[in-house]
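One structure is given here, and the rest of the page talks about it.
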Amino acid sequence: MAYGKIKSDALIYDNSGTDVEIAISGIPSASALAAKANTSDIGSTIQAFDADTAKTDTAQTFTKAQRGDIIDVTGTSPQIDLNAGNNFKFTTSGDWGSNFSLANLATAAEGQTGSIFIVYGGAHTGGFPTTMKFVGGAAGIGALSSASPKIDRIDYIVLNSTTVTCTITKDYVA
């Protein structure tokens, strides 16, 4: 391999039989590349992060409220996809018959937390998957509110892909 300096206005490379030319002026300088550790490459521009940009690799203190959407879930056997959000709501209705069954929580990621709201649109009972662990097991759940206009709320934290620890609070009135 040869080492040294090359003086050029453009670089040309072969892209499966088609030559592609890049102007040297479009290549970031060494100082811009070094600063990239604190930047985001958006298209062809490099944009610096500021103190207001949330980061995923460092502890942060938020000085403003953080909000998560509440995802509506439907069906007689609602499937909650934890990749879609942290908070979920489903409303029972007359066309459900008398029962519903909450399916296993898809894509459970260790450490995720949130709430699941069950809004009763009629007299319905429900069941939970074995991945959802309640204090005292199934007996610890007790009777659900199961009547309109009641709301039950399940707060959860994912311990691992097979264990979602849950606390249920019942009988909120809508």
Taking S145's backbone N and O only, do any of them form a donor-acceptor pair with D152's side chain (distance below 3.5 Å, no angle check)?
yes

Sub-3.5 Å donor-acceptor pair from the side chain of N87 to the main-chain atoms of G114, do we have one?
no

V173 versus K150: any side-chain heavy-atom pair under 4.5 Å?
yes

Whether over 12 other heavy atoms sit under 6.0 Å from E110 CD:
no

Can you list the steps and then say if F90 with I118 is a side-chain contact (heavy atoms from CB on, under 4.5 Å)?
CA-CA 5 Å; F90 67 95; I118 305 169; 3.7 Å; yes

Should I151 and Y120 count as side-chain neighbours, where that means a heavy-atom distance under 4.5 Å?
no

Output for pair (I154 CD1, M132 CE), nearest 0.5 Å, gives 4.0 Å

Would you indicate whether the side-chain heavy atoms of N86 and Y156 approach each other to under 4.5 Å?
yes

Checking T165 side chain against I157 main chain: does a donor-acceptor pair fall under 3.5 Å?
yes

With rounding to the nearest 0.5 Å, note down the distance linking CZ in R153 to SG in C166.
12.5 Å

Would you call K89 and D72 a salt bridge, using N to O less than 4.0 angstrom?
yes

Value for CZ (F88) from CG (L82), rounded to nearest 0.5 Å, stands at 5.0 Å

Contact between I168 and L144 at the side-chain level, heavy atoms closer than 4.5 Å - yes or no?
yes

ring-ring contact (aromatic ring centres under 6.0 Å, His included) between F134 and F128, intermediate numbers included:
CA-CA 10 Å; F134 293 88; F128 302 98; 5.3 Å; yes

Where is the tightest heavy-atom contact between S148 and G121, given as atom of each residue plus distance?
CB-C, 3.8 Å

N/O donor-acceptor pair under 3.5 Å between D69 side chain and I71 backbone:
no

